[in-house]
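Each remark here refers to the structure printed beneath this line.
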Protein chains: 2
Amino acid sequence: MDKTPYHHGDLRNALLDTARGVVERDGAEALSLRSLAEDLGVSRAAPYRHFADRDALLAEIAASGFEDHVAAYQAFLDTDMDGRDRIALTTRFYLDYAARRPGLHRLMFESDLLARTPPPAVLIPPADRSYRLLVEIVRQAFPGESEDATLARAITAISTTIGFLTLRGAGRFKPFMRGGLSDADIEAAIIAAVSNQSAAAPLAVGSICAPSTPGSQ
Amino acid sequence: MDKTPYHHGDLRNALLDTARGVVERDGAEALSLRSLAEDLGVSRAAPYRHFADRDALLAEIAASGFEDHVAAYQAFLDTDMDGRDRIALTTRFYLDYAARRPGLHRLMFESDLLARTPPPAVLIPPADRSYRLLVEIVRQAFPGESEDATLARAITAISTTIGFLTLRGAGRFKPFMRGGLSDADIEAAIIAAVSNQSAAAPLAVGSICAPSTPGSQ
DNA sequence: CACGCAATGTAAGCGCCGACAACATAGAGG
DNA sequence: CCTCTATGTTGTCGGCGCTTACATTGCGTG
């Protein structure tokens, strides 16, 4: 009956939607422009009319992920709650977001998209906004500190959260869980560590040790 | 003169050495068995006589990386020093190791090799030993705690360290460094956070917040 | 010493991929 | 109506992982 028209109509958004689904579930590595085009019933060259290359499509998907985070952080900041609880809530959000969309999480926080020089233009605004809001959340939890101290706290907090997700995703914690420690226990410990950083001097350490590197063979 | 002999002589080790160099510098994604074979002057199929597939080669490279870590941890444990200082030294080792071999670090801590079921057999022994030694380092820094508490501390410590490296490698901290915060400052803050975890109750937190997920669209 | 067999290497080919160039179609605006 | 541009197609190139069938070598054993 309705034979497929020559023009798709909204191929660009169709590509974004379908591709985001693939990335969320199976990660950026699993995304193939060819199979994507085939799934949507267009030729393999069609996607290149809308995205310069594969990375350009991935950049837009990552950007949409950062926009999700921006919306969530903004909502957290708009609610009136204790600063430490807000950090715990934010950390909980990270964990849930990554659990639901492991591949998208990896694209956002482990890919080198943002390390390019220059990074994809579409990625910069949402990534920057998410930085700023995260720092604001940390600032409100540890008020009255210097800007550098706040930044150091923010970096430590996000490092702990992302590192946990990276390592769990990489299967590095499987040996730890043969004991009595459940996944929920570990998540609770991470949230506690992020929310209850010691209130003292995050930048007070000198160089405790020289950058020696034994075993570097 | 010496025309290339039919048999390479030590192709397996040559593959490992050359491949490890590529992985250390440019990451596992950059490793191509074809170009590797060409560089070594053998045919494209030759590597498959020594490794079942690309992942098998990568697994051996990752294993050698974990063995580096095991050797370093053992050396740290053999020296007589304050427990917190040893944690700081261990963290410093992570940072340096990853700085010198960014691609190998990613293969070890971000790839899903260990998440497979089952993981590559060559990878399990060195990975397990590195777990155990790391836990031992943490235990000596926070003696007298329950096994679960020690594990939670270890997980938090390595999460913070690896997360920092992942995020810096992904370019996520570039916006933070436009201010007065240098890279060395940030590293010092990470080391301080890992070494000076609050001594109190790493597992004492209940469920501070429900797993709500605003903005999950 | 010779021989046969396992270890190790080669050549060719499959199917997948990203990307580009040349061509086809359709719809919007003069 | 007609052209111009946006959009989609086909064909092609080079690269990849991996497999199959075949070639060479050298070691262990009769």
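In what follows, every chain begins at residue 1, and chains take the letters A, B, ... in the order their sequences are listed. Remember, predicted model here, so these are calculated numbers, not experimental data.
Between the P atom of D/dT7 and the CG atom of A/Asn13 lies a distance of 12 Å, rounded to the nearest Å. When the P atom of C/dC14 is taken as reference, atom CZ of B/Arg44 falls 12 Å away, rounded to whole Å. Following rounding to the nearest Å, B/Leu58 (CG) and D/dG17 (P) show an atom-to-atom distance of 10 Å. Put simply, CG on A/Leu33 is 12 Å from P on C/dC20, counting in whole angstrom units. Put simply, CZ on A/Phe51 is 15 Å from C1' on D/dG8, counting in whole angstrom units. What separates CG of B/Asp10 from C1' of C/dA7 is a distance of 14 Å, to the nearest Å. The separation between A/Arg49 atom CZ and C/dA26 atom C1' is 14 Å, rounded to whole Å. Regarding A/Asp53, its CG atom lies at a distance of 9 Å from the C1' atom of C/dG18, rounded to whole Å.
Counting any heavy atom pair closer than 4.0 Å across all strands shown, A/Leu36 reaches no nucleic acid atom.
In this structure, B/Arg101 satisfies the cation-pi test against B/Tyr97, with its NZ or CZ atom closer than 6.0 Å to the six-membered ring centre and inside 45 degrees of the ring normal.
Taking the six-membered ring wherever Trp is involved, the centroid distance between the rings of B/Phe109 and B/Phe66 falls below 6.0 Å. Note: B/Tyr94 and B/His69 meet the aromatic proximity criterion, with ring centroids under 6.0 Å apart.
Using a 4.0 Å cut-off, no side-chain N or O of A/Ser43 falls inside it from OP1 or OP2 of D/dT10. Proximity of B/His50 to the phosphate of C/dA7: no side-chain N or O atom is located under 4.0 Å from OP1 or OP2. Not one side-chain nitrogen or oxygen of B/Arg34 sits closer than 4.0 Å to the OP1 or OP2 atom of D/dG15. Taking 4.0 angstrom as the limit, A/Ser32 places a side-chain polar atom (N or O) nearer than this to OP1 or OP2 of C/dG18. When the side-chain nitrogen and oxygen atoms of A/Ser35 are compared with OP1 and OP2 of C/dC16, none of them lie within a distance under 4.0 Å. Phosphate proximity of C/dG18 to A/Arg54: present, with a side-chain N or O under 4.0 Å from OP1 or OP2.
Side-chain proximity of B/Tyr48 to the nucleotides D/dG8, D/dC18, C/dG9 is greatest for D/dC18.
No salt bridge links A/Glu38 with A/Arg34; every basic N to acidic carboxylate O contact stays at or beyond 4.0 Å.
Between A/Asp68 and the choices A/Arg100, A/Arg129, A/Arg20, the salt bridge (charged side-chain N to carboxylate O under 4.0 Å, His left out) rule is met once, by A/Arg20.
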